[in-house]
Visitor: 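First the structure, which I've put down as structure tokens, then a few questions once you've had a look.
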Amino acid sequence: MLSAVGPPVTVRVPAKINLHLAVGDTRPDGYHDLVTVFQALNLFDEVSVVTAHAGRPTGERLATIGQGAPGVELLGDLTDEERDAVPVDSSNLAWQAAVALAEAVGREPDVRIGLRKAIPVAGGMAGGSADAAGALLALASLWRLDLGREALMEIAATVGSDVAFALHGGTALGTGRGESLVPVLSRHTFHWVVALQDHGLSTPTVFGELDRLRQGADAEGPLRRIGSVEPVLEAIASGEARSLALLLGNDLQAAAVSLDPGLRRTLRAGVSAGALAGVVSGSGPTCVFLCTDGPSAVRVAAELAGAGVCRTVRVAHGPVPGARVIDGDPTRPPRGPGGPPAGDPGPNMYA
Ligand SMILES: C[C@](O)(CO)[C@H](O)COP(=O)(O)OP(=O)(O)OC[C@H]1O[C@@H](n2ccc(N)nc2=O)[C@H](O)[C@@H]1O
Ligand SMILES: Nc1ncnc2c1ncn2[C@@H]1O[C@H](COP(=O)(O)OP(=O)(O)OP(=O)(O)O)[C@@H](O)[C@H]1O
């Protein structure tokens, strides 16, 4: 186990889905203006940070596990494919967040970051962005920074377009690149089935494919774009799953399906299994299916799991809060005698 200076701080951070994702044309900076409705679901990564031994990472390839030098490591029982999909060098988004925060406060990123992942990688649920948000909050606690959430969200926006929402959580209207957020009233719980694939889709590739389809489509008439966001906000406020189901939409879906045609079968199978509606989340390939209630979601998940259209399924609900410190906050007492909350990752990785 790593021997490290001081106790680690652990943050739990949720996955996101997009209930509505309207994509504008390409901006001069290469991004697209978005109007999106994010919702955080109870599918979490955990990010632990601890002060590392002195010494800087050697070049691009950060120190390997066990040496206690600054760097990133993956925790928990991941398959080889999952480990291969997540870089543990300086390109890891949690590390990039640590560097961004360290630069913002004028210190060295002398930390070891441990990631316990449950959010699908490159799945359209902002798994890497969630780890970046988790690292920001955990380090703000470890370093006892007097930074409000607004200041963290500004730094988050420099790391990636989805990182600010991973801090914010709940349900929110995102504009700009997706980093400018306004909370959305959502007092009701919505029940989802999440269909995970055995592969990812590259976000920039999906956006590029949408641009290509839109250019090509001009010859045969414009590619349909999803409608305005106001009805979606009203449906969320009503808590009526059937109303919201009619309004789920994602301009990136056509591009994701163009790159991964099997998603058509997945989307059909979810509705055939009893979901009210399905949509690709973000840049995909994860598909999410809105169900009438919890028991219905369990039934849909069971049927979808056997339909041969995805690697596995999860039953989830939202909204849930954004990134939260769950252990080690030096300014708060440790977790109570009632033992760790459900889903605890087990013994402290740095113990
Ligand atoms: C698809 C969504 O997940 C919807 O929430 C996000 O827009 C993507 O957020 P993200 O993965 O954090 O994206 P970033 O890491 O900021 O950008 C990755 C790449 O996606 C494309 N990108 C991303 C966001 C955006 N508003 N327009 C874009 O065109 C750009 O090619 C960019 O270089
Ligand atoms: N901590 C991390 N966890 C997962 N992927 C990471 C991480 N750091 C870097 N990456 C890289 O970022 C890529 C995108 O990861 P991510 O899981 O955020 O995709 P995504 O869920 O599609 O994101 P989005 O929904 O924002 O498009 C992955 O292919 C992976 O190589």
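Heavy atoms only: backbone and side chains are in, while hydrogens, waters and symmetry mates are out. Numbers here simply count residues along the sequence, with the first being 1. Counting starts at 1 for both ligands and their atoms, following the listed order.
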Visitor: Got the closest protein heavy atom to atom 11 (C) of ligand 2, with its distance?
Guide: P87 CD, 4.0 Å

Visitor: Does a side-chain N-to-carboxylate-O contact under 4.0 Å join R116 and D45?
Guide: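 Judged by the 4.0 Å cut-off on N to carboxylate O distance, R116 and D45 do not form a salt bridge.
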
Visitor: Nearest protein heavy atom to atom 13 (C) of ligand 2: under 4.0 Å?
Guide: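 False for atom 13 (C) of ligand 2.
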
Visitor: Using a 4.0 Å heavy-atom threshold (strictly under), name the region of L93 that reaches ligand 2: side chain, backbone, both or neither.
Guide: both

Visitor: So that I can tick it off, tell me whether E82 and K117 are bridged by a salt bridge, with the cut-off set at under 4.0 angstrom between side-chain N and carboxylate O.
Guide: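 Not counted as a salt bridge, because no side-chain N and carboxylate O are separated by less than 4.0 Å.
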
Visitor: Strictly by modelled atom types, are E209 and S258 linked by a side-chain donor-acceptor pair under 3.5 Å?
Guide: yes

Visitor: Please report which non-hydrogen protein atom sits nearest to atom 15 (O) of ligand 1, along with the residue it belongs to and the distance in Å to one decimal place.
Guide: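 Closest protein heavy atom to atom 15 (O) of ligand 1: G160 CA, 4.4 Å.
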
Visitor: Is it true that D25 and R225 make a salt bridge, defined as a side-chain N closer than 4.0 Å to a carboxylate O?
Guide: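 Between R225 and D25 there is a salt bridge, with a charged N closer than 4.0 Å to a carboxylate O.
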
Visitor: Considering heavy atoms of the protein only, find what lies nearest to atom 29 (O) of ligand 1 and give residue, atom and distance to 0.1 Å.
Guide: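 Residue, atom and distance for the closest contact: H32 ND1, 2.7 Å.
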
Visitor: With backbone taken as N, CA, C and O and side chain as the heavy atoms from C-beta onward, which portion of Y31 lies under 4.0 Å from ligand 1: side chain, backbone, both, or neither?
Guide: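 Both the backbone and the side chain of Y31 come within reach of ligand 1.
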
Visitor: Heavy-atom distances under 4.0 Å are what count here, so tell me which part of N18 touches ligand 1: side chain, backbone, both or neither.
Guide: side chain

Visitor: What is the closest protein heavy atom to atom 16 (O) of ligand 1, and at what distance does it sit?
Guide: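 I find the closest protein heavy atom is S161 OG, 2.7 Å.
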
Visitor: Tell me whether ligand 2 is touched by Q96 - counting only heavy atoms on the residue side and a distance under 4.0 Å.
Guide: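 No heavy atom of Q96 comes that close to ligand 2.
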
Visitor: With heavy-atom distances below 4.0 Å as the criterion, list the atoms of ligand 2 near S129.
Guide: 18 (O), 26 (O)

Visitor: Any N/O of A126 closer than 3.5 Å to an N/O of ligand 2?
Guide: yes

Visitor: Take every heavy atom of F38, measure it against each atom of ligand 1, and state whether any distance is under 4.0 Å.
Guide: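 Yes, that is the case, since the closest heavy atom of the residue is under 4.0 Å from the ligand.
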
Visitor: Give me the nearest non-hydrogen protein atom to atom 21 (C) of ligand 1 as residue plus atom name, then the distance to 0.1 Å.
Guide: F207 CD1, 3.4 Å

Visitor: Among all protein heavy atoms in this structure, tell me which lies nearest to atom 5 (N) of ligand 2, with the distance rounded to 0.1 Å.
Guide: V121 CG1, 3.9 Å

Visitor: Check each heavy atom of V72 against ligand 2 and say whether those closer than 4.0 Å belong to the side chain, the backbone, both or neither.
Guide: neither

Visitor: Does any donor atom in the side chain of H199 or D260 lie under 3.5 Å from an acceptor atom in the other side chain?
Guide: yes

Visitor: Can you pull out the closest protein heavy atom to atom 3 (N) of ligand 2? Residue, atom name and distance to 0.1 Å, please.
Guide: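 Going by distance alone, atom 3 (N) of ligand 2 is nearest to K117 NZ, 3.1 Å.
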
Visitor: Polar contacts were defined as any N/O atom of the residue lying under 3.5 Å from an N/O atom of the ligand; does this apply to M125 and ligand 2?
Guide: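 Right, the criterion is met.
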
Visitor: Is A126 in contact with ligand 1, taking contact as a heavy-atom separation below 4.0 Å?
Guide: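 Heavy atoms of A126 never come under 4.0 Å of ligand 1.
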
Visitor: Just need the protein heavy atom nearest to atom 30 (C) of ligand 2, so name the residue and atom and give the distance.
Guide: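 The closest one turns out to be A85 O, 3.5 Å.
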
Visitor: How close does the nearest protein non-hydrogen atom get to atom 27 (O) of ligand 2, and which residue and atom is it?
Guide: T203 OG1, 2.6 Å

Visitor: Answer yes or no: does an N/O atom from G124 fall short of 3.5 Å to an N/O atom of ligand 2?
Guide: yes

Visitor: Within a distance under 4.0 Å of any heavy atom of K16, pick out the atoms of ligand 2 and give their elements.
Guide: 25 (O)

Visitor: Applying a 4.0 Å heavy-atom criterion (strictly less than), which segment of S129 is in contact with ligand 1: side chain, backbone, both, or neither?
Guide: side chain

Visitor: Going by the order shown, which atoms of ligand 2 are within less than 4.0 Å of some heavy atom of S283?
Guide: 22 (O), 27 (O)

Visitor: Out of curiosity, is G282 lining ligand 2, as in a heavy atom under 4.0 Å away?
Guide: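 False for this residue.
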
Visitor: Out of D131, D162, I113, V163, who gets a non-hydrogen atom closest to atom 24 (P) of ligand 2?
Guide: D162

Visitor: Could you list the atoms of ligand 1 found under 4.0 angstrom from a heavy atom of G30?
Guide: 29 (O)

Visitor: What are the atoms of ligand 1, with element, lying closer than 4.0 Å to any heavy atom of L252?
Guide: 1 (C)

Visitor: Please confirm whether G284 comes within less than 3.5 Å of ligand 2 when only nitrogen or oxygen atoms on both sides are compared.
Guide: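 Such a contact does not occur with ligand 2.
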
Visitor: Yes or no: does G123 have any heavy atom under 4.0 Å from an atom of ligand 2?
Guide: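 For ligand 2, residue contact (heavy atoms, under 4.0 Å) with G123 is present.
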
Visitor: Establish, from distance only, whether the side-chain atoms of H32 and D251 form a donor-acceptor pair under 3.5 Å.
Guide: no

Visitor: Under 3.5 Å between some N or O of ligand 2 and some N or O of G128?
Guide: yes

Visitor: Which atoms of ligand 2 have any heavy atom of L115 under 4.0 Å away?
Guide: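 Near L115, meaning under 4.0 Å from one of its heavy atoms, ligand 2 has 1 (N).
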
Visitor: I need the nearest protein heavy-atom contact for atom 29 (O) of ligand 2: residue, atom name and distance, please.
Guide: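 For this ligand atom, the closest protein heavy atom is A122 CB, 3.6 Å.
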
Visitor: Could you check atom 31 (O) of ligand 1 against the protein and tell me its nearest heavy-atom contact, residue, atom and distance included?
Guide: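 Going atom by atom, the protein heavy atom closest to atom 31 (O) of ligand 1 ends up being P204 CB, 3.6 Å.
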
Visitor: Please determine if S283 has a nitrogen or oxygen closer than 3.5 Å to a nitrogen or oxygen of ligand 1.
Guide: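 No; the residue has no nitrogen or oxygen that sits under 3.5 Å from a nitrogen or oxygen of the ligand.
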
Visitor: With heavy atoms only and a cut-off of under 4.0 Å, state how T36 meets ligand 1: side chain, backbone, both or neither.
Guide: neither

Visitor: Treating Ile, Leu, Val, Met, Phe, Trp and Tyr as nodes and any side-chain heavy-atom pair under 4.5 angstrom as an edge, say whether F165 and I119 lie in one connected cluster.
Guide: no

Visitor: Does the residue R27 have a heavy-atom contact with ligand 1, meaning some pair of atoms that are separated by less than 4.0 Å?
Guide: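 No, that is not the case, since the closest heavy atom of the residue is not under 4.0 Å from the ligand.
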
Visitor: Which of the atoms in ligand 2, numbered in the order shown and given with their element, are less than 4.0 Å from a heavy-atom of G127?
Guide: 16 (P), 17 (O), 18 (O), 21 (O)

Visitor: If we only consider heavy atoms of D33, is any one of them less than 4.0 Å away from an atom in ligand 1?
Guide: no

Visitor: What protein heavy atom lies closest to atom 10 (P) of ligand 1? Include the residue and the distance to one decimal.
Guide: D162 OD2, 4.0 Å

